[in-house]
Novice: 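Let me give you the structure first, and then I'll get to my questions.
Just the heavy atoms: all of them, side chains too, but no hydrogens, waters or symmetry mates, feed the values below. This is a predicted model, so every value here is computed, not measured. Convention: sequence-line order gives letters A, B, ...; per-chain numbering from 1.
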Amino acid sequence: MRFTRPVHRSACLKSPLRLADRKPGRTHARIAGAAVTATLFLAACGSNAGSTATYADKPVPGGSLTYGIDTEPTCFDIHVSQQDITAAIQRNVFDSLVTEDDAGTFHPWLATSWDIAPDLTSFTFRLRQGVTFTDGTDFNADAVRINFDHIVAKTTKSQYAASLLGPYTGTDVIDPYTVKVNFSKPFAPFLQAASTAYLGFYSPKTLTANADKLCGGGPVAVGTGPFTFTSYTKGQRIVLTKNPAYAWAPATGKHTGPAYIDTLTIRILKENAARVGSLTSGQIDVISAVPPANVKAIQADQNLQVLRKDIAGAPYSLYLNTSLAPLNDERVRTAIQRGVNLDQDVSTVYFGQYKRAWSPISATTPSYDATLEKSWPYEPATSNQLLDQAGWTGRDAAGYRTRNGIRLTIEWPTVPAFVREQRDILGQAIQDDLKKIGVEITRPAVDIGTYVTKAYGGQFQVLDFSWGRFEPDVLRLFFNSGSTLATGGQNASLLSDPEVDNWTDTGAATLDQATRNDVYAKTQKAVINKAVVIPVYTSSSIIGAAGYVKGIAFDANSWPLFYDAWRNKK
Amino acid sequence: MRSPLATRRALFSRRGIIQGAAERLLAGTAVMLGAATLAFAALQLVPGDTVAVLLGPTTTASPEIRQQIRTEFGFDQPVPVRYARYVGNLLHGDLGSSYQLQQPVSKLINDQIWPTVQLTVAAVAVAVVIAVVSAVVTAGRRPALRATATAWELVALSTPPHWLGIMLLTVFSFQLRIFPVAGAQSLSSLVLPAVTLALSVAGVLGQVLREGLEAALEQPFVVTARSRGLSQSAVRLRHAFRHAATPLLTLAGWLTGTLLGGTVVIETVFSRPGIGSLTMQAVTSRDLPVVLGVVLLSAFAVVLIFTVVDLLHLVIDPRLRTTEAAL
């Protein structure tokens with residue numbers, strides 16, 4: 001699988017480094033080979049690419065980049081925040097024990113090697129020596145213990161990282177550079193969790209002195225990463241500066257040593273038109289979240305490029321509440337699942353830029369079951385048949401189905417403050433589709449308080465979510481009966497199925513790939529067959545960049561990485 | 001009940017100044033405390049568990065962590081206790097800490113207030129200039145000219161600021177590249193947001209001022225002034241304008257108050273920091289200390305603005321400067 005997909009119309013503007021995209025199991029020889037190919041390639045068509053830019057054939061250190069993002073973190077503390085954007089920014093500042101490639105294989109980073117207890121209740125890491133935090137503190141076993149203990153401490157009030165540590169019981173310092181991380185029960189997802197920025201490491205010194213200031217970002221956020229957090233001006237900008245001492249790049253990086261660019265300025269540009277306009281008018285170098293409607297225009301501009309990667313985890317899906325009538329009838333659920341014309345709806349609303357989804361996990365997630373594709377196509381005739389069988393045979397004046405004089409109405413709430421990616425418009429398309437088979441969908445706009453109260457109480461018939469995580473364990477989060485909304489889970493279907501529970505528990509307690517593929521495939525098939533979920537579309541991390549920006553890569557969670565980025569322009 | 005004129009006269013009379021200041025101070029404090037109390041009560045009435053709202057709908061926080069948040073922020077205390085504690089802290093000048101951003105509210109407001117003040121002051125200044133020029137030039141003139149001015153004012157005040165902002169950005173930033181697209185670091189980055197915010201205000205002010213001018217131009221003193229040989233423009237500017245400016249000033253003061261809170265759209269379009277975005281974020285996530293802090297600030301701003309407006313009335317309207325004894 002390609003890591004990034006250069007979609008520029010001019011092949012000569014493609015980054016030579018992106019041609020050498022990370023592939024599982026690549027070797028240094030392969031990088032070298034690709035670099036040679038890239039050099040030849042550029043030599044063959046080097047002069048066409050614009051008049052002012054000077055194109056180098058290998059990364060040039062120096063210069064700065066300005067990157068416009070669409071969301072401002074509310075809290076920069078990786079141990080507290082649950083926001084993707086926090087991790088995406090802080091990935092540049094904080095390193096992790098291990099790194100995960102696109103195939104789901106783990107590689108050394110701050111840990112050089114590790115052993116896993118056969119029962120998966122402890123993980124022993126041998127740490128890299130000579131790693132220092134940017135305040136000069138040594139990174140060692142104590143630092144790991146202090147960080148993990150800090151994450152689970154009640155006073156940290158962690159909204160996400162603590163749940164990534166799961167049944168954590170403590171960290172033993174075996175020697176100054178060896179730690180043993182212990183869990184009260186088998187915990188297979190730990191390596192994946194340990195690879196995320198949420199389980200990155202703060203300097204113990206800053207944790208002691210500034211624990212209550214970490215949410216505010218800025219220089220108190222001291223890590224070991226390729227950049228230091230120089231400043232944060234709320235509502236405006238985040239400035240990251242190169243860490244010149246950086247010599248412990250992850251094995252998935254494309255180079256070693258310090259980052260190429262000196263300064264990365266991240267501008268907060270919430271308004272889509274302003275963000276896109278800043279890029280197209282040359283005022284900034286890179287933007288995140290290119291709206292699907294603008295992708296073609298950016299691709300068509302020969303001075304710009306589009307980089308993208310589909311987001312792993314749970315795609316945007318509708319979860320049908322199996323505990324409430326009429327959705328407690330599988331026939332009604334299936335009728336709805338087969339009665340939405342997703343191919344057409346998704347491609348229309350997103351200009352063909354987002355893919356429609358077929359499984360409760362997206363195609364880039366490990367253990368994805370591709371056999372589900374096209375297995376439940378749009379079939380309004382089937383839907384009508386099922387609804388007839390379920391007794392919804394009457395019709396009222398408005399054309400909706402009735403049973404015993406009661407209209408077939410489904411309530412699917414919306415919280416206007418949280419609507420993004422035009423999901424409200426997509427919702428209207430789905431409403432229209434279902435009207436054709438006689439099902440009324442109402443979309444009451446509710447405030448967040450009402451939403452949370454009723455959602456926790458299982459009182460809504462349909463809820464919609466997406467959940468980015470490069471790990472099929474999200475299936476446990478969404479479908480295990482122990483994973484209720486009120487306890488921090490996401491089982492919005494209120495599914496309680498012993499088999500699904502068993503499979504998702506098994507998957508969380510084994511690292512055996514064959515077993516995981518098996519139980520996760522069974523889970524994906526089961527929840528589709530029972531029609532407790534309607535996967536809708538897989539969102540994509542779409543980055544727009546000037547042609548001279550090279551080497552931006554995506555990590556497994558589809559967040560752009562700037563460690564390898566460089567500026568191909570004097 | 002005293003007429004507004006009489007109230008102002010009393011306020012600025014020699015004996016009245018001290019009394020007026022004391023009244024103002026008391027009333028201002030009462031307004032601020034009342035506003036904070038109302039906001040406190042309103043946020044208690046909003047449905048749903050505060051911790052759940054703070055965490056949002058997609059969270060993996062465990063019940064233990066939720067309990068910790070509840071205890072630490074005092075959500076498990078009865079409402080009267082929390083209110084008493086809040087007011088107590090307030091009297092010590094402590095606005096509390098944001099639940100969501102985990103920073104002192106006073107620091108957050110201090111960081112965000114200046115961009116908002118700059119924007120508001122610039123916008124009001126631009127709006128007043130546009131309104132005055134448009135009204136003075138067109139009041140009581142040929143119907144065609146007058147109709148054109150009225151029409152543009154109507155368009156200006158009914159154009160959605162969001163759309164207008166994007167249009168101005170597209171033309172002046174993306175195409176002509178005269179102004180930077182975003183930020184609050186330089187004067188040039190203030191121009192487009194200020195103009196966007198000013199146009200609708202200018203529309204309202206222009207309409208009011210023109211009507212005031214036209215009414216003033218029909219007053220007998222205009223005839224007297226003309227008979228003294230004053231030119232048409234001198235009459236307009238020196239006599240009629242002064243007369244018509246009083247309601248303009250009151251309205252401009254009132255609009256400034258609403259602008260302070262209404263800048264959130266402009267802040268989003270032009271990617272500026274400011275109180276609007278802070279408030280929006282706080283209200284959606286029910287970040288009580290921040291909401292209350294902003295409410296107090298707004299109440300203070302309104303009291304301040306109206307005091308300034310009253311002082312300006314004194315400058316504009318000589319009738320107010322006479323002492324009570326002289327009346």
Novice: Taking side chain as everything from C-beta outward and backbone as N, CA, C, O, which of these in B:Gln67 sits under 4.5 Å from a heavy atom of chain A? Side chain, backbone, both or neither.
Specialist: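 Answer is neither: B:Gln67 stays 4.5 Å or more from chain A.
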
Novice: Between B:Ile166 and chain A, which part of the residue has a heavy atom less than 4.5 Å away: side chain, backbone, both or neither?
Specialist: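 It is the side chain, since no backbone atom gets that close.
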
Novice: Report yes if the side chains of A:Lys154 and B:Ile65 come closer than 4.5 Å at any heavy-atom pair, otherwise no.
Specialist: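 No, side chains not in contact.
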
Novice: Side-chain contact test, heavy atoms from C-beta onward, threshold under 4.5 Å: evaluate it for A:Cys215 versus B:Gln100 and give yes or no.
Specialist: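 The answer is no, as the side chains (C-beta and beyond) never meet within the 4.5 Å cut-off.
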
Novice: Is A:Phe418 close to chain B through its backbone or its side chain, or both, or neither, when contacts mean heavy atoms under 4.5 Å?
Specialist: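 It is the side chain, since no backbone atom gets that close.
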
Novice: Could you verify whether a donor N or O on one side chain and an acceptor N or O on the other, from A:Glu72 and B:Ser277, lie under 3.5 Å apart?
Specialist: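 No, B:Ser277 and A:Glu72 have no side-chain donor paired with an acceptor closer than 3.5 Å.
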
Novice: Using a 4.5 angstrom heavy-atom cutoff, name the option from A:Thr280, A:Val415, A:Val80, A:Val452 with the most pairs to chain B.
Specialist: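 Of the candidates given, the most pairs with chain B belong to A:Val452.
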
Novice: At a heavy-atom separation under 4.5 Å, does A:Ala162 approach chain B through its side chain, its backbone, both, or neither?
Specialist: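 Only the side chain of A:Ala162 comes within 4.5 Å of chain B.
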
Novice: Just so I know, are the side chains of A:Gln159 and B:Leu55 near enough to count as touching, which here means a heavy-atom distance under 4.5 Å?
Specialist: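 Touching, per the 4.5 Å side-chain cut-off.
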
Novice: Pick one of side chain, backbone, both or neither for A:Leu477, based on which atoms fall under 4.5 Å of a heavy atom in chain B.
Specialist: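 For A:Leu477, the side chain is the part near chain B, not the backbone.
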
Novice: Should B:Thr268 and A:Glu271 count as side-chain neighbours, where that means a heavy-atom distance under 4.5 Å?
Specialist: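 A side-chain contact under 4.5 Å exists here.
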
Novice: Can you find a pair of side-chain heavy atoms, one from A:Asp77 and one from B:Gln102, that are under 4.5 Å apart?
Specialist: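 They are not in side-chain contact.
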
Novice: Are there over 12 heavy-atom neighbours, none belonging to B:Phe172, within less than 6.0 Å of that residue's CZ?
Specialist: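 For B:Phe172, atom CZ is not crowded (no more than 12 foreign heavy atoms under 6.0 Å).
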
Novice: Give the minimum heavy-atom separation between A:Gln283 and B:Ser173, together with the two atoms involved.
Specialist: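 Heavy atoms only, the tightest pair is NE2-OG, 3.0 Å.
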
Novice: Relative to chain B, which segment of A:Tyr160 carries a heavy atom at a distance below 4.5 Å: side chain, backbone, both, or neither?
Specialist: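 Contact with chain B: backbone and side chain both.
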
Novice: With a 4.5 angstrom heavy-atom cut-off, which part of A:Thr453 approaches chain B: side chain, backbone, both or neither?
Specialist: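 Contact with chain B involves the side chain of A:Thr453 alone.
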
Novice: Going by an N to O cut-off under 4.0 Å, is there a salt bridge joining B:Glu72 and A:Lys157?
Specialist: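 A salt bridge links B:Glu72 with A:Lys157.
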
Novice: If we ignore hydrogens and angles and just use 3.5 Å, is the side chain of A:Gln82 paired with the main-chain N or O of B:Ala61 as donor and acceptor?
Specialist: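 Not confirmed, A:Gln82 side chain does not pair with B:Ala61 backbone.
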
Novice: Measure distances from A:Thr155 to the heavy atoms of chain B and classify the residue's part below 4.5 Å as side chain, backbone, both or neither.
Specialist: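 Both backbone and side chain.
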
Novice: CZ of B:Phe174 to CG of A:Leu279: how many Å apart, nearest 0.5 Å?
Specialist: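 Atom-to-atom, B:Phe174:CZ and A:Leu279:CG are 10.0 Å apart.
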
Novice: Taking atom CZ of B:Phe75 as the centre, does the number of heavy atoms from other residues, nucleotides or ligands within less than 6.0 Å exceed 12?
Specialist: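 Result for CZ/B:Phe75: enclosed.
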
Novice: Say you draw a straight line from NZ of A:Lys270 to CD of B:Glu267; how long is it, rounded to the nearest 0.5 Å?
Specialist: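 Between A:Lys270 NZ and B:Glu267 CD, I get 8.5 Å after rounding to 0.5 Å.
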
Novice: Does the side chain of A:Gln236 reach to within under 4.5 Å of the side chain of B:Ser271, using non-hydrogen atoms?
Specialist: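 Side-chain contact under 4.5 Å: no.
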
Novice: For B:Gln103, is it the side chain, the backbone, both, or neither that has a heavy atom closer than 4.5 Å to a heavy atom of chain A?
Specialist: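 Answer is side chain: those atoms of B:Gln103 sit under 4.5 Å from chain A.
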
Novice: Are B:Gln68 and A:Thr156 side-chain neighbours, meaning at least one heavy-atom pair lies under 4.5 Å?
Specialist: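 The answer is no; the side chains never approach within 4.5 Å.
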
Novice: Test side chain to side chain contact (heavy atoms under 4.5 Å, CB included) on A:Ser281 and B:Gln175; report intermediate values, then the result.
Specialist: CA-CA 7 Å; A:Ser281 62; B:Gln175 302 295 326; over 6 Å; no

Novice: Taking B:Arg66, B:His162, B:Met280, B:Glu64 one by one, which has the highest count of heavy-atom pairs under 4.5 Å against chain A?
Specialist: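 Winner by heavy-atom pair count: B:Arg66.
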
